[in-house]
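Notes for the one structure printed next.
Residue numbers begin at 1 in each chain, while the letters A, B, ... track the order of the sequences. All values derive from a computational prediction rather than experimental measurement.
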Amino acid sequence: MAKEITPRSENYSQWYLDIVKKAGLAENSAVRGSMVIKPYGYAIWENIKEDLDRRFKETGHQNAYFPLFIPKSFLSKEADHVEGFAKECAVVTHHRLMNNPDGSGVVVDPSAKLEEELIVRPTSETIIWNTYKNWIKSYRDLPLLINQWANVVRWEMRTRPFLRTAEFLWQEGHTAHATKEEAIQEAKQMHDVYADFAESVMAMPVIKGSKSESERFAGALDTFTIEAMMQDGKALQAGTSHFLGQNFAKAFEVKFLNNENKEEFVWATSWGVSTRLVGALIMTHSDDDGLVLPPKLAPIQVVIVPIPKPNEKILEVANGITTKLKSKGISVKIDIDDKKRPGFKFAEYEMMGVPIRLGIGMRDLDKGVVEVARRDTKEKNAIPLANIEDYIENLLVEIQDNLFQKALNFRKERTSYVDTFEEFKNVLEDKGGFIYAHWDGTAETEEKIKELTKATIRCIPLDAKDEKGVDMISGKPSKNRVLFAKAY
RNA sequence: CGGGGUAUAGCGCAGUCCGGUUAGCGCACCUGCUUUGGGAGCAGGGGGCCGUAGGUUCGAAUCCUACUACCCCGACCA
């Protein structure tokens, strides 16, 4: 076979890399840790972006764009923030190149050294809050609800396509509010937007919760997260929304006059998701035959394969179906390539995760049917041509639901509740996945568990029921269980 | 950044240990014919500064040094 994928059971991370490569999503570039997102992979990101952008606008946000470069001094203004990002910043020190006198090519012109170095943004809080200082004077200027679609750079030690790259695409929302309550409400609202998007569009079930202090965003008072389970049982943080308190307002002196003419610092949030979501999508649904995409994000929702190759009658039927599907907003591709045989195309579109494939051949047409193959279950059925567009429309919905249910069932099977550390270690070893256990709320036990098992607290679930228990390590009392897992 | 591995055509590999004329194979690609309901067959053909830079040698894919990238395992992280 031309394009074999390493089975998940054999080597999960190789399987992931094979899919990224063979489905044509991305490839490594000439730049360390940076990938080229290829057209098919970018089309998925565009679909993610389009849906999220609509949701942001529906919740009152506007898009804007801030500079890629941040003056170095800005990073020093918020202590926790700089500590979190300092170790992974790309720094611009010069602005000119010159021919090397020895003729060996270009070198940095030493006379073009910058007065103050520029940092390539690892996130934009600092440059944005420095700007907000000028935009906010009165309570009438609030709330300020801005989102930015951008690239950021974090110089990571080890990278993987989509999951962690030195440069990545994301959106970052940065909002300013008059009150603490309103800011917390905003952070929670965007947390909900992410969770709903993950579940209803990506068909990826997530656990909503807040981060423990040690896992919090650098500079945040509270970080809300959505955590998804990948097919190897590991957790992936898929989106975060932060309540930043007045930390950045104080660091950048962003004050407003309230309606009593008193000066106050504003309250802030920031929230983001990245191209990591494409990686999450892959690791949630795909199988050993390739990518599996939820219909709502698939660049091609239906592919029509003439069997064995296009002829006038087949194309007439295919075009008829296409017109009807397109009028329902369904994206369709007719593969008219007559150099490749059907079997090849079948495998190819399965690799690409196209949700529905229609096989149209004379043998079926004589009986008034076409073959409908669904990617998620691999089922094939002969479906009458009459009103096939309704059948397909419904099937897309069914596939979307099925993918979500399948992922949800998988998560249920791989979720455990344990009370002792012995049990915790055993479950982690044998079964992996998510583990709910009691925790005394201290960083010490959290750190100890991480040291001993590599598992971390993914979140303190929002819907955690009150349940008295004792911490597995310290034996101290606990009011509810928190979510542990090994994570990406 | 630490430990281990790899780098030869677009992809996957052999050749490297033990240096020797023109560097092979499979897939992919091009041409032609025959095919065509799950990755077609035959015939012919194109494609390589052997990761990069130095060094040793009459001669380097092969030996030595450095660098870079990728993979696996850690530490860090969305």
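Pairing of B/G24, defined by two Watson-Crick or G-U wobble distances under 3.5 Å, is identified with B/C13. Pair check for B/G44 finds B/C30; Watson-Crick or G-U wobble, both atom distances under 3.5 Å.
If you check every strand for non-hydrogen atoms under 4.0 Å, A/R160 touches nothing. Residue A/F217 is out of contact with every strand shown, counting any heavy-atom pair closer than 4.0 Å. Using a 4.0 Å heavy-atom criterion, one finds that A/G33 contacts the sugar-phosphate atoms exclusively. Using a 4.0 Å heavy-atom distance criterion, A/E215 is classed as making no nucleic acid contact.
Between the side chain of A/E27 and the base of B/G10, no donor-acceptor pair of N or O atoms lies under 3.5 Å. A donor-acceptor contact under 3.5 Å is formed by the side chain of A/K380 with the base of B/G38.
Within the 3.5 Å criterion, the main-chain N or O of A/S200 finds a donor-acceptor partner in the side chain of A/K296.
Only A/I307, A/P308, A/K309, listed by number, bring a heavy atom of residues 292-316 of chain A to less than 4.0 angstrom from any atom of RNA chain B.
Atom C1' of nucleotide B/C11 and atom CD1 of A/I5 are separated by 14 Å, given to the nearest angstrom.
For A/S13 and B/C71, the shortest distance from a side-chain N or O to OP1 or OP2 is not below 4.0 Å.
Scored by the ring pair (Phe, Tyr, Trp, His ring centres under 6.0 Å) test, A/Y349 finds no partners at all (sequence neighbours excluded).
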